[in-house]
Amino acid sequence: MPKPNFAWKDTLSQATNLLQSLPARLSKKTFSIKVLLITFGIILLSQLLLWISMQWEYYQTAEKQALQKLETIANEQASQLNDEILQAQRGVERLKGAVQWILEKTPNPEVRNSFLQHWMTDNLRQSSHVMSFYVALEKETSKQYFEKNAVLNILYKDTPRNRQTESKKFHYKSWFDGNYLSNEREARYHLSKENDKVQFSPFYFDKNYLRESIMTVSQSFFNAGKFQGVVGSDILADNLFADIQKYRIGNTGGMALFNHQTGLLLTETVSEHNGDSNTPAKNLLGQRNRMQYNIFSSTQQKIWQNILKQPITHLQFNGDDGKRYILISRPIKNTHLTLLIFQQDSELYVIENIDGYFGWTVVIFILGIAVISLKYVQVEKPLLDLSKTLSQGPVQVESGEWIWEFPQQGTLEIKTISNKLHQMLALQLIQAKEMMTREEENIAELKVCQQQSISQVSILDKMGERLKETEAALHYYKVLAQKYDKYVQQTKVDMQKLKAFAQKAKVESGMYRQKADDANKTRNRFLANMSHELRTPMNAIIGYTEILQEDADEFGYLELVPDLQKIHGASFHMLDLINNLFDLSKIESSRMDLYLETFDLVPILQDIAATVQPLVEHQGNILKLNLEGALGTMTTDLAKIRQMLMNLLNNAGRFSKQGVITLSAQRQKHHQMDWITLKVSDEGIGMSTEQVQQLRLFFADLKNSGGQVYTQKVGLTLTMQFCRLMGGTFDVESHSGEGTTFIMQIPADVSLLQLTN
């Protein structure tokens, strides 16, 4: 409904005169409010200026004290790290003098070894971060004093496995392999070979001996100007880095250790085994693992080189989290190490004590704001609302009536004016409403007549449109029915063709099934006959070979014994291959049965290890058992378990040389069943990705680049099939040049798996 044009000019003129006289009536109160506001403003301004001057001086003093405190921490930690490095250096110098005296004054190798072990043990107990002492001799010196081509003696703490700082258990070990002589990357020997000064190596992973991340401190010794060997010590990275990673400065500060020559981050920023996954170093540098992130590769390479290669008093730097940090660096003497101290500047410059004067300033400021707000709410806002209501005029509510919406807040005078205006304007609205009612009744009658005529025309138009739609629908359905008839006829013809093809395929399938059954029976008869025909002569060869060995020993033909032993071993190998081939044939023809029995797993694994140990040690390998404490019993085919593990261990021993072969066993629970996981790992030549994929196929021709047969194909294939026959899984993990791991997962109770199936 359009807004009516009311006649209220007289009323509005009266309201305007009233508003013009309002300031004169409230001049006394308004003047008092202005005076109060001006007074409070002057007080607030003076208080703020005084507080700002005092706090500025306080901030300057606090900034100097905070930087001095952070520099003190940096100097103390750098000095402590220098003392630890110096302790290791002095230990090496003492060891050098002791070794020279022991080599010259002791009578034989056994006494020399004993003296070296006792001296190293006494000095190692006095060192907290030093993990080991060692002596590496030149080839001629080794022959002269120990009657060996190479001698590397190491005494080390039993700490790396449990990550303890101190341990009462020591190990003294000697290596005679000469690897440190030929390998120029071996820091223990080649770092100090050129001169007799103490040398410090970067942190590296010692994979040949200790298998830990260490820093080597070494010094060579000479006799009559001739190089004799190297002595030194190893500092364990875990023990040294742990103190740095745990150190906290407030809530956002900490320490990190770098190699200032390469830019390598030595410590880690997230340390899960310490129970702390959100360290300050993570916020500064991001989530980084130990010795895997080079800070010089970042976009701020020049800045980091300046920070790490020289002492920095304090430098502001944006961290990985976008916040600003204060950095202090301290390079460690005689090493490649730089210690970095950092803390967020927002925490470093925080003011801990707030002056009491500032508290009163805040209170007065709040009171001033409250007075200004009260004036605005009680005086200024009601007047603005009243003026806005008069300018907009009346509004229409949901019932259709027009009313005036005057504000009801403000001082007593404003409320009185608002009520009087409301009474005058409401009377004008009532009179205008009566006139509008009579006009609306006349307009309504005219609209009714117009609507009746329009509705009749609309009904006729709709009937014509419906007639046209009905005709179009009849034509569409007629065309659709003709297409459907053609589709039904074509479908009947296709069905007849499919029935004839299915009958023909059924006859051919029966013929092929009969031929396959005949071929399978022929193969089984052949295998049954060949099993006896092949095993009998092989057993005879083995028996006659043993007789010939006994005769050769008895009659003194000892030169024939090695050849007879080779024939005997080859015969056993051939018989094992024949047995594996027939077992594979039985598995493929579903004639292989499982003979279940219950046994303790730990004694069986120990017995298997003792059986294959001579073969494993033939090429200088070491066999280790890694057995879980609660393996318990197992119900399965014991003979096949033995055969599977013997195949895998023999394979590992054949293709590993001077390495470690590990047999691991673990009991796990999956899908409410107990499973036994057996792993055989070696450090041999390994396999490529293509060879691992080919290994899963029957009788795969796995060959390396030299053309040599890579592995025992039949034995591994048989092991894979036995594992699947027991309801388990067989997998292999290998990389060329890094060794191979065979993994078998077998149900602890095969009978339960058969019942479930």
Partner of Ile235 by side chain to side chain contact (heavy atoms under 4.5 Å, CB included), out of Met131, Met215, Glu84: Met215
Can you tell me if CZ on Arg94 sees more than 12 non-hydrogen neighbours from other groups inside 6.0 Å? yes
With the side chain counted from C-beta on, respond yes when Arg288 and Gln292 share a heavy-atom pair under 4.5 Å apart, and no when they do not. no
Steps toward side chain to side chain donor-acceptor pair (under 3.5 Å) verdict (Thr252, Tyr325): CA-CA 9 Å; Thr252 61; Tyr325 287 81; over 6 Å; no
side-chain contact (heavy atoms from CB on, under 4.5 Å) partners for Ala150, two or more places apart: Tyr180, Leu181
Is a donor from one side chain sitting under 3.5 angstrom from an acceptor on the other, for Ser132 and Asp234? yes
Does the side chain of Arg290 come within less than 4.5 Å of Thr267's, by heavy atoms? no
Tyr145 side chain reached by Gln228 side chain, heavy atoms, under 4.5 Å: yes
Spatial distance of atom CG (Leu81) from atom CD (Glu76) [nearest 0.5 Å]: 13.5 Å
If we ignore hydrogens and angles and just use 3.5 Å, is the side chain of Ser734 paired with the main-chain N or O of Gly739 as donor and acceptor? yes
With a 4.5 Å limit on heavy-atom distance, are the side chains of Leu327 and Leu284 in contact? yes
Nearest 0.5 Å please: distance from the CD atom of Gln77 over to the OH atom of Tyr247. 4.5 Å
Any chance NE2 of His171 has more than 12 other-residue heavy atoms, nucleotides or ligands included, within less than 6.0 Å? yes
Ring centres under 6.0 angstrom apart (Tyr209, Tyr134): no
Can you list the steps and then say if Ser192 with Ser220 is a side chain to side chain donor-acceptor pair (under 3.5 Å)? CA-CA 5 Å; Ser192 300; Ser220 61; 5.6 Å; no
So Glu186 and Asn208, do their side chains get closer than 4.5 Å, heavy atoms only? yes
Please examine the side chains of Lys143 and Asn149, heavy atoms only from C-beta on, and report whether any two atoms are closer than 4.5 Å. yes
Got a second to check how far Lys679's NZ is from Met744's CE, nearest 0.5 Å? 12.0 Å
Does Lys323 have more than 12 heavy atoms from other residues, nucleotides or ligands lying within 6.0 Å of its NZ? no
With a 4.5 Å heavy-atom cut-off, do Asn113 and Asn153 have their side chains touching? yes
Heavy-atom donor-acceptor pair, Asn259 side chain to Leu266 backbone, under 3.5 Å: no
Could you label the plane-to-plane angle of the His336 and His260 rings as parallel, tilted or perpendicular, counting under 30° as parallel and over 60° as perpendicular? tilted
Got a donor-acceptor contact below 3.5 angstrom from the Arg90 side chain to the Ala88 backbone? no
Side-chain touch Val130/Gln87, heavy atoms, less than 4.5 angstrom: no
Check this for me: Glu140, atom CD, are more than 12 non-hydrogen atoms of other residues, nucleotides or ligands nearer than 6.0 Å? no
Working to the nearest 0.5 Å, report the span between NZ of Lys139 and OG of Ser182. 10.5 Å
